[in-house]
Visitor: 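Below is a structure I'd like to ask you about.
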Amino acid sequence: MGIPKADFFNLAVFNSPTMNEKFPSSEKLKGKILIDRLFSEGKSIKNFPLKLVYTPINKTSITTNKTGVSVPKRNFKKAVDRNHLKRLIREAFRKNKYLVDSNLQKKYAFMFIYTANKKFDYHQITASLIHILNKLIERESSHENSNN
RNA sequence: AAAGUAGGCCGCCUUAUCGCUGGCUCCCGGAUUUUAUUCGGGAACUGGAGGAAAGUCCGGACACCAUAGGGCAGCAUAGUGGGUAAUGCCCACCGGUCGUGAGAUCAGGACAAGUGCAACAGAAAGGAUGUACAGGUAAUGCUGUAGUGAAACCAGGUAAACUCUAUGCGGUGCAAUGCCAUGUAUACCGGCAUUUAAGGGUAGCCCGCCCGUUGUCGGAGGGUAGGCAGCUAAAAAUUUUUGGUGACAAAAAUUUCAGAUAAAUGAUAAGGAAUUUUUGAAAGAACGGGGGAGAAAUUUCCUGUUGUUUUAAGAGGAACAGAAUCCGGAUUACAGGCCUGCUUUUUUA
């Protein structure tokens with residue numbers, strides 16, 4: 001029975017201000033202008049089955065990262081499958097977004113795209129997502145330092 | 001008991017942790033000098049996908065459009081009666097067809113008018129024209145029989161053939177529509193006056209209808225990207241009673257049950273249950289083989305096969321599928337399970 005242990009661990013997480021696992025609507029990527037800009041000038045990182053498109057937000061009014069998720073309709077015809085995969089990706093990002101929050105100063109717009117055409121489970125998606133985030137941090141932190 | 005037939009119901013659960021979203025209460029911070037309002041954040045409590053939410057096939061509610069008028073055309077429906085907000089839906093009855101039966105199924109109005117169609121066979125399929133035999137007449141397909149065919153000179157069949165009859169149908173859809181903020185500057189809208197003509201508009205066509213030029217007064221429009229309302233308390237749900245063969249209706253009591261918008265209702269871990277399957281053990285049953293006892297009936301021991309029950313362990317372990325203005329239906333998809341009525345066959349009494 002690992003329940004009491006997990007209980008203790010999660011309580012600690014909950015009290016720590018750096019390990020925020022919430023994903024409120026202010027951190028969701030919305031609005032046509034920003035999304036169009038993201039796709040026209042964003043850079044991308046691929047790691048099967050995910051692809052991340054990102055771009056820095058150079059606007060002082062936005063104080064959080066903006067994150068969206070997409071599963072193309074041509075790969076998954078049924079709405080149930082698309083919804084489920086989007087939930088899995090969102091969940092994986094929610095659990096691991098501390099990597100971005102604690103390592104990057106600038107605010108970014110992210111879009112995760114599911115590029116495979118068959119389903120993977122939560123653990124595989126998480127692994128892929130963490131890999132992508134580490135790559136992103138590696139790339140962007142050097143950028144930020146040289147610019148400053 | 002088996003096979004079948006009709007209908008109804010359910011369509012995973014529990015715990016822990018982390019999240020999303022609506023409501024409500026409270027707390028903290030900012031703005032408006034204060035009350036109060038508003039913005040941001042947090043906490044507690046409490047709602048949060050389906051029987052088909054699906055495809056978008058019918059019928060409505062609701063909203064806007066003035067060509068919402070008429071005629072023609074077009075489309076849909078088609079026994080009789082009833083139910084309903086309404087229907088192409090549902091119910092009852094009648095009739096045809098299929099089935100031993102329970103039941104299933106039906107584009108089930110009209111050949112009256114006009115037009116068309118009818119394979120093969122047959123001399124001939126609607127214009128007429130025959131053959132053989134018999135009868136009859138002044139004479140003749142004038143009469144009968146034979147022969148082909150579903151139908152043969154009298155006519156008939158066919159409308160999932162045009163057609164006719166009856167009934168119904170304006171169009172576009174919540175991206176409707178209204179408001180707010182932003183913001184451009186006469187390209188828009190409305191009223192009044194003036195002008196009376198070229199031209200333009202259209203839901204297939206025609207009739208008809210609408211617009212138009214200039215001035216003036218009034219209003220903020222269009223486009224772009226947002227927000228709020230519309231937006232979920234209703235042809236509502238549950239239970240009971242009454243009426244009705246039934247669809248359904250009425251009454252009473254109780255309840256409030258999703259409202260997201262790059263789109264919430266989830267993720268992880270552990271466990272449980274339905275059901276399937278494999279292996280082992282035990283019990284008793286049927287059938288077979290061998291040995292012993294006995295004159296025999298029979299009995300006992302060992303063993304093989306089959307299926308049943310109990311138990312232990314393992315594997316596997318949920319289908320179809322995600323609200324988007326809202327209802328009523330039908331359609332299609334669906335693992336597994338439960339219940340009820342009836343029919344046929346067999347067995348027992």
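Labels below follow one simple rule: chain letters A, B, ... track the order of the sequence lines, proteins then strands, and each chain is numbered from 1.
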Visitor: For B/C338, which nucleotide is its Watson-Crick or G-U wobble mate, given both distances must be under 3.5 Å?
Guide: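 WC or wobble partner is B/G8.
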Visitor: Where does B/C89 land, syn or anti, once you apply the within-90°-of-0 test for syn?
Guide: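 Anti conformation for B/C89.
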Visitor: Now, which nucleotide makes the Watson-Crick or G-U wobble pair with B/A86, with each of the two distances under 3.5 Å?
Guide: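 Paired with no nucleotide.
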Visitor: So how far is it from A/I132 CD1 to A/K135 NZ, rounded to the nearest 0.5 Å?
Guide: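 Between A/I132 CD1 and A/K135 NZ, I get 8.0 Å after rounding to 0.5 Å.
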Visitor: Just name whichever nucleotide pairs with B/C57, Watson-Crick or G-U, keeping both distances under 3.5 Å, else none.
Guide: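 B/G329 - that is the nucleotide pairing with B/C57, both distances being under 3.5 Å.
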Visitor: A/R82 CZ to B/A262 C1': how many Å, rounded?
Guide: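 Going from A/R82 (CZ) to B/A262 (C1'), I get 13 Å.
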Visitor: Which whole-number value in Å describes the distance from A/K97 NZ to B/G19 P?
Guide: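 Checked: the NZ to P distance equals 10 Å.
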Visitor: A/L88 has a side chain; which of B/G322, B/A267, B/C18 sits nearest to it?
Guide: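 Looking only at heavy atoms from C-beta outward on A/L88, the closest nucleotide is B/A267.
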Visitor: Please give the distance between the P atoms of B/A333 and B/C320 as a whole number of Å.
Guide: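 Going atom to atom, P in each nucleotide, I get 14 Å.
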Visitor: Closest nucleotide of RNA chain B for A/M111 versus for A/Y122: which of these residues is on the 5' side?
Guide: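 Counting from the 5' end, the first nearest nucleotide belongs to A/M111.
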Visitor: Return whichever of A/A79 or A/R90 has its heavy-atom-nearest nucleotide of RNA chain B closer to the 5' end.
Guide: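 Counting from the 5' end, the first nearest nucleotide belongs to A/R90.
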Visitor: Centroid-to-centroid, A/F120 to A/F48, below 6.0 Å?
Guide: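 Centroid distance A/F120-A/F48: below 6.0 Å, so yes.
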Visitor: Between A/S128 (side chain only) and A/N47 (backbone N and O only), is there a donor and an acceptor less than 3.5 Å apart?
Guide: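 Here the side-chain-to-backbone pair exists.
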Visitor: Mind telling me if B/G51 is syn or anti? Syn here is a glycosidic angle within 90° of 0.
Guide: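 Syn, which is what one calls it when the glycosidic angle falls within 90° of 0.
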Visitor: I'd like the C1' distance from B/C169 over to B/G204, given in whole Å.
Guide: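 Those two atoms are separated by 16 Å.
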Visitor: From CG of A/N83 over to C1' of B/A321, roughly how many Å is that when rounded to an integer?
Guide: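 Interatomic distance, CG of A/N83 to C1' of B/A321: 11 Å.
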Visitor: Any strand is fair game: report the nucleotide pairing with B/G266 by Watson-Crick or G-U wobble, both distances under 3.5 Å, or none.
Guide: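 Pairing partner, where one exists within any strand: B/C18.
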Visitor: How many Å lie between CZ on A/F120 and P on B/U268, as a whole number?
Guide: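 Between P of B/U268 and CZ of A/F120: 16 Å.
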Visitor: Using the P atom in both, what is the distance from B/A225 to B/A176, to the nearest Å?
Guide: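 Pairwise P distance, B/A225 against B/A176, rounds to 14 Å.
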Visitor: Measure from the side chain of A/V80, starting at C-beta and using heavy atoms only, and say which of B/A321, B/A263, B/G266 lies closest.
Guide: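 Per side-chain heavy atoms of A/V80, the pick is B/A321.
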Visitor: Below 3.5 Å, does any donor atom in the side chain of A/E91 face an acceptor in the base of B/G266, or the other way round?
Guide: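 Check passes, donor-acceptor contact within cut-off.
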Visitor: Using the purine O4'-C1'-N9-C4 or pyrimidine O4'-C1'-N1-C2 torsion, is B/U46 syn (within 90° of 0) or anti?
Guide: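 For B/U46, whose glycosidic angle is more than 90° from 0, the conformation is anti.
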Visitor: Would you confirm whether A/N65, through its side chain, and A/Y108, through its main-chain N or O, come within 3.5 Å as a donor-acceptor pair?
Guide: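 Side chain of A/N65 to backbone of A/Y108, a donor-acceptor pair under 3.5 Å: yes, one is there.
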Visitor: Looking only at atom C1', what distance separates B/U56 and B/U332, rounded to whole Å?
Guide: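 One C1' to the other, the span is 12 Å.
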Visitor: Starting at CZ of A/F76 and ending at P of B/A321, how long is that distance when rounded to a whole Å?
Guide: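 Value for this atom pair: 15 Å.
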Visitor: Taking the C1' atom of each, how far is B/G96 from B/G79, in whole Å?
Guide: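 Roughly 11 Å separates the two C1' atoms.
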Visitor: Between A/E140 and A/I137 (side chain of the first, backbone of the second, donor and acceptor by atom type, cut-off under 3.5 Å), is there such a pair?
Guide: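 Such a contact is absent between A/E140 side chain and A/I137 backbone.
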Visitor: Quick one: is A/H84 getting a side-chain N or O under 4.0 Å of the B/U265 phosphate, OP1 or OP2?
Guide: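 Looking at the OP1 and OP2 atoms of B/U265, neither is under 4.0 Å from any side-chain N or O of A/H84.
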Visitor: With P as the reference atom in both, quote the distance from B/G221 to B/A185 in angstrom, rounded to an integer.
Guide: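 It works out to 16 Å between them.
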Visitor: Just say parallel, tilted or perpendicular for the rings of A/F93 and A/F23, cut-offs at 30° and 60°.
Guide: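 A/F93 and A/F23: perpendicular rings.
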Visitor: If we call it a pair only when both distances are under 3.5 Å in a Watson-Crick or G-U wobble match, what pairs with B/A203?
Guide: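 B/A203 is unpaired by these criteria.
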Visitor: Measure the distance from NZ on A/K86 to C1' on B/A267 and round it to the nearest whole Å.
Guide: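 Atom-to-atom, A/K86 to B/A267, this comes out as 17 Å.
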Visitor: Over how many whole Å does the gap from A/I89 atom CD1 to B/G266 atom P extend?
Guide: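 Distance, rounded to whole Å: 17 Å.
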Visitor: Would you say A/R94 reaches B/G266's phosphate, i.e. side-chain N/O to OP1/OP2 under 4.0 Å?
Guide: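 Negative; the distance criterion is not met.
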Visitor: Measure from the side chain of A/H123, starting at C-beta and using heavy atoms only, and say which of B/G322, B/U268, B/A263 lies closest.
Guide: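 Closest of the options to the side chain of A/H123: B/U268.
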Visitor: Taking any strand in view, what nucleotide pairs with B/A176 in a Watson-Crick or G-U wobble way, both distances under 3.5 Å?
Guide: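 The base-pairing partner of B/A176, which may sit in any strand shown, does not exist here.
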Visitor: Donor-acceptor check, side chain of A/R82 to backbone of A/K77, threshold 3.5 angstrom: yes or no?
Guide: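 Present.
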Visitor: What is the distance, rounded to the nearest whole Å, between atom OH of A/Y98 and atom C1' of B/G19?
Guide: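 Value for this atom pair: 17 Å.
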Visitor: Given A/L88, which of A/K86, A/E91, A/H84 fulfils the side-chain contact (heavy atoms from CB on, under 4.5 Å) condition?
Guide: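 The side-chain contact (heavy atoms from CB on, under 4.5 Å) with A/L88 is passed solely by A/H84 among A/K86, A/E91, A/H84.
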Visitor: Quick check on B/A297: syn or anti? Syn means the glycosidic torsion is within 90 degrees of zero.
Guide: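 Anti conformation for B/A297.
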Visitor: Strictly by Watson-Crick or wobble contacts shorter than 3.5 Å, is anything paired with B/U35, and which nucleotide is it?
Guide: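 The answer is none; no pair meets the criterion.
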Visitor: Any strand counts, and the cut-off is 3.5 Å on both contacts for Watson-Crick or G-U wobble. Which nucleotide pairs with B/A312?
Guide: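 Here B/A312 is engaged in a pair, and the nucleotide opposite it is B/U279.
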Visitor: What is the glycosidic conformation of B/G178: syn, defined as within 90° of 0, or anti?
Guide: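 Chi for B/G178 falls in the anti range.
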Visitor: Taking atom C1' in both B/A175 and B/G88, what distance in whole Å separates the two?
Guide: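 Going atom to atom, C1' in each nucleotide, I get 30 Å.
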Visitor: In whole Å, what separates the C1' atom of B/C154 from that of B/U143?
Guide: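 B/C154 and B/U143 have their C1' atoms separated by 15 Å.
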